Amino acid sequence: MVLLHLGFINGVSQCPLVTPLVQRRSHKASRHLRFIAQSIPSRTQRIMEGISVSGEVGGAGGAYSYNALKRLDQLWSVVQEPQQIVSSVRGIFDADDKAVDTFDVLVCGGTLGIFIATALSSKGLRVGIVERNILKGREQEWNISRKELFELVEAGVLVEDDIEEATAKKFNPNRCGFEGKGEIWVEDILNLGVSPAKLIEVVKKRFISLGGVIFEGYNVSSICIYEDAAVLQLAEGDILSSRLIIDAMGNFSPVVKQIRCGRKPDGVCLVVGSCARGFKDNSTSDVIYSSSSVKKIGTSEAQYFWEAFPAGSGPMDRTTYMFTYVNPQPGSPKLEELLEEYWDLMPHYQGVSLENLEILRVIYGIFPTYRDSPLPAAFNRVLQFGDASGIQSPVSFGGFGSLTRHLQRLVTGIYEAINEDFLDSYNLSLLNPYMPNLSASWLFQRAMSARQQSNVSPDFITELLYVNFQSMQRLGDPVLRPFLQDVVQFVPLAKTLGLVMLTKPQLLPSIFKQVGIPVLLDWSGHFFMLGYYTFLSTFADPVIRPLLSSFPSKMNYKWKRHLEAWKYGAGLDYKR
């Protein structure tokens, strides 16, 4: 009777006076519930705030705190107007009445920049490093193969004894696993755990002994390009002058943001993980392990991949990573959301209970990738290096392996460019040239990314990967081993694709649906260029190289860079 009197019929308000009151109470209750939900710490927050972490260091993965995690989630999910860091000024730089320190090369960003800075110092150049933090390596190890570390010896950055000193852990064999399909075992792939803290400490001492100068705790404010110098204004007021500035400030370099005009990346690799104590079975590693099928996370879908490595901090310590490739768009998963998934899925993946593990540190990172990489020089006297240049494979996370591979080539080219004063943007761009093997890798990232409404089987990505790895295994080590180290070569790739099409032709329709015809057509052009570069490096290089000494200096410099581009762009620099 009371309900009818107030105007409720079948539980629905018919009274215009009552409805706003009920709606206001409903909205208020809803806001209250949202507030309660937001005020309850997530499992990730509880875990991270229960771990004692040291100060942040530069470079990817150099921060472990929950606040840093939230900052990184905000950084990549919100598009910001890029700052105008670099500007060009007509005329000659006048250093009179200014406290200016002068260098041949200034490297902005020291975590990976220390390696090229040391290599250039060993050639007699005066080099300075500007690093916003204290220049030291992170606690979490880098996983790398021994042959890649030896590239640092060849570049004059290390001696062989340094490798042993910096290596915290060695392990074999290494697994490539595909849930519900099978697994393949290999040896000596990413089987060293190198301590960045020890490695960078060794290189830092060598750099200083060679006369290098480090500006720790300094921030880049602006770069002015004059006809004779690049002038770096630090936020702390200092002014530094250099013939060349190397931008080694990583994926989120403000200079790169300016060059790319704030454009969103074409793809993103999101990585979360932890180093934990309590793993009894801890003698082998996973180079890659693919979850059985695509999973729903929020409004998105994601295909999860895993890596796992024994850690050097203790016999039961193990690092596990979960990563996925996404097309950056509204609704893409955040790192904290992925970590919540990670805590649920990692115990099943490793056969452990989360309650029996002591979490030593939580690891996370974002690695944006662009199809037009490597990034050509956009300004005179400024060159991108490492992650800032986009030289790393779009399917890898972290650029240390690609850095070691390209270091000797870049050091040689930069040294020549400085000596000959070939520091305009055109000649510097020859150091970051088009590389078809890198561009061809884009198809792999697209194939490994979960697409919304692609009408393919949820386990298609895992099946496709397993078939490809099976084919590479059948073709032998010369095919499988380079691919596992992010080196794509024409003949091995052609053989693998041919074998996949012969043995599993039923996958072809799903491949077209997964990656799309426009992407396949674009990739076909890069695949053709990969073959063309292979031909040029194999047959044209031996004809041209003996003639180099007779060329004028500018032509000599240019043709050396072309020969390097053919070799590295075809993956023929790879040595076992």
Side-chain angles (χ1 to χ4, degrees), residues 58-59 86 93 95 99-137 151-159 162 199-220 223-226 228-234 236 238-250 253 255 377 379-389 400 403-404 406-423 427-428 431-432:
V86 183
F93 175 61
V100 177
D101 206 351
T102 304
F103 297 86
D104 294 310
V105 180
L106 277 173
V107 179
C108 300
T111 305
L112 293 182
I114 186 72
F115 296 101
I116 194 165
T118 304
L120 290 170
S121 290
S122 70
K123 288 184 169 292
L125 298 177
R126 185 162 196 262
V127 183
I129 296 174
V130 177
E131 169 56 46
R132 65 179 180 178
N133 299 298
I134 299 299
L135 180 47
K136 64 178 183 178
E151 305 276 3
L152 297 178
V153 175
E154 293 177 9
V157 176
L158 299 175
V159 296
D162 295 333
L199 182 63
I200 290 178
E201 181 184 3
V202 168
V203 179
K204 184 178 179 180
K205 287 179 180 177
R206 177 161 172 74
F207 176 68
I208 293 172
S209 72
L210 291 167
V213 180
I214 302 175
F215 299 88
E216 293 179 313
Y218 285 83
N219 292 272
V220 176
I223 300 171
C224 292
I225 309 299
Y226 292 83
D228 62 334
V231 178
L232 186 62
Q233 175 74 56
L234 301 178
E236 293 70 22
D238 298 71
I239 299 174
L240 307 176
S241 172
S242 177
R243 298 181 65 193
L244 175 69
I245 289 178
I246 294 178
D247 172 13
M249 292 184 282
S253 160
V255 180
F379 306 100
N380 298 338
R381 300 185 181 275
V382 179
L383 178 69
Q384 273 62 47
F385 170 76
D387 289 352
S389 71
F400 186 55
L403 178 150
T404 62
H406 289 275
L407 186 61
Q408 184 64 60
R409 173 184 71 83
L410 287 167
V411 167
T412 301
I414 290 170
Y415 184 71
E416 289 181 19
I418 289 174
N419 277 345
E420 300 291 344
D421 201 28
F422 299 150
L423 298 174
N427 282 299
L428 290 178
L431 296 167
N432 280 337

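What's counted below: heavy atoms across the whole structure, side chains too, no hydrogens, waters or symmetry copies. Small disclaimer: the values here were computed from a predicted structure and weren't measured.
Contact between Leu234 and Val220 at its shortest, heavy atoms only, is CD2-CA, 4.4 Å. Of all the heavy atoms in Ile129 and Phe207, the pair that sits closest is CD1-CE2, 3.7 Å. Shortest non-hydrogen contact noted between Arg126 and Val213 is NH2-CG2, 3.9 Å. Scanning all heavy atoms of the two residues, the minimum distance from Ala155 to Ala119 falls at O-CB, 3.7 Å. Here the closest non-hydrogen pair linking Met249 and Val255 is CE-CG2, 3.9 Å. Heavy-atom minimum distance, Asp228 versus Phe93: OD1-N, 3.0 Å.
Looking at Leu120, Asp247, Thr118, Ile246 one by one, the single match for side chain to side chain contact (heavy atoms under 4.5 Å, CB included) with Val107 turns out to be Ile246. Across Ile225, Leu428, Leu423, a single residue satisfies side chain to side chain contact (heavy atoms under 4.5 Å, CB included) together with Val382, and that is Ile225.
Contacts classified as salt bridge (charged side-chain N to carboxylate O under 4.0 Å, His left out) and involving residues 109-120 (residues at least two apart or in different chains) are not found.
Under the 4.5 Å side-chain criterion, counting only non-hydrogen atoms from C-beta, Leu244 is not in contact with Asp104. Contact check for Ile245 versus Cys108: side-chain heavy atoms found under the 4.5 Å cut-off. With contacts defined as side-chain heavy-atom distances shorter than 4.5 Å, the pair Arg243/Ile418 qualifies. Phe385 places none of its side-chain heavy atoms less than 4.5 Å from the side chain of Ile414. When side chains are defined from C-beta on, Asn133 does not count as touching Thr111, because their heavy atoms never get closer than 4.5 Å.
Rounding to the nearest 0.5 Å places CG of Leu135 at 5.0 Å from CD1 of Ile214. Rounded to the nearest 0.5 angstrom, Leu410 CG and Asn432 CG are separated by 6.5 Å. Here Ile134 contributes atom CD1 and Glu216 contributes atom CD; the two are 4.5 Å apart, rounded to the nearest 0.5 Å. Atom CD1 of Ile239 and atom CG of Asp101 lie 11.5 Å apart (nearest 0.5 Å).
One side chain, Gln408 or Thr412, offers a donor N or O that lies under 3.5 Å from an acceptor on the other.
Evaluation of the ring pair (Phe, Tyr, Trp, His ring centres under 6.0 Å) rule for Phe400 yields Phe115, Trp142 as partners, not counting sequence neighbours.
The main-chain N or O of Gly212 is never found under 3.5 Å from a side-chain atom of Ser121 such that the two would form a donor-acceptor pair. Distance alone, capped at 3.5 Å, is enough to place a donor-acceptor pair between the Glu236 side chain and the Asn219 backbone. Using modelled atom types, one side-chain atom of Arg409 and one backbone atom of Leu431 make a donor-acceptor pair closer than 3.5 Å.
Using a 4.0 Å cut-off between a side-chain N of Lys or Arg and a carboxylate O of Asp or Glu, Lys204 and Glu131 do not qualify as a salt bridge. Between Lys205 and Asp162 there is no salt bridge, since no side-chain nitrogen of the basic residue lies less than 4.0 Å from a carboxylate oxygen of the acidic one.
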_Chi angles and distances behind the side-chain contact (heavy atoms from CB on, under 4.5 Å) call for Phe379, Ile223_ = CA-CA 11 Å; Phe379 306 100; Ile223 300 171; over 6 Å; no
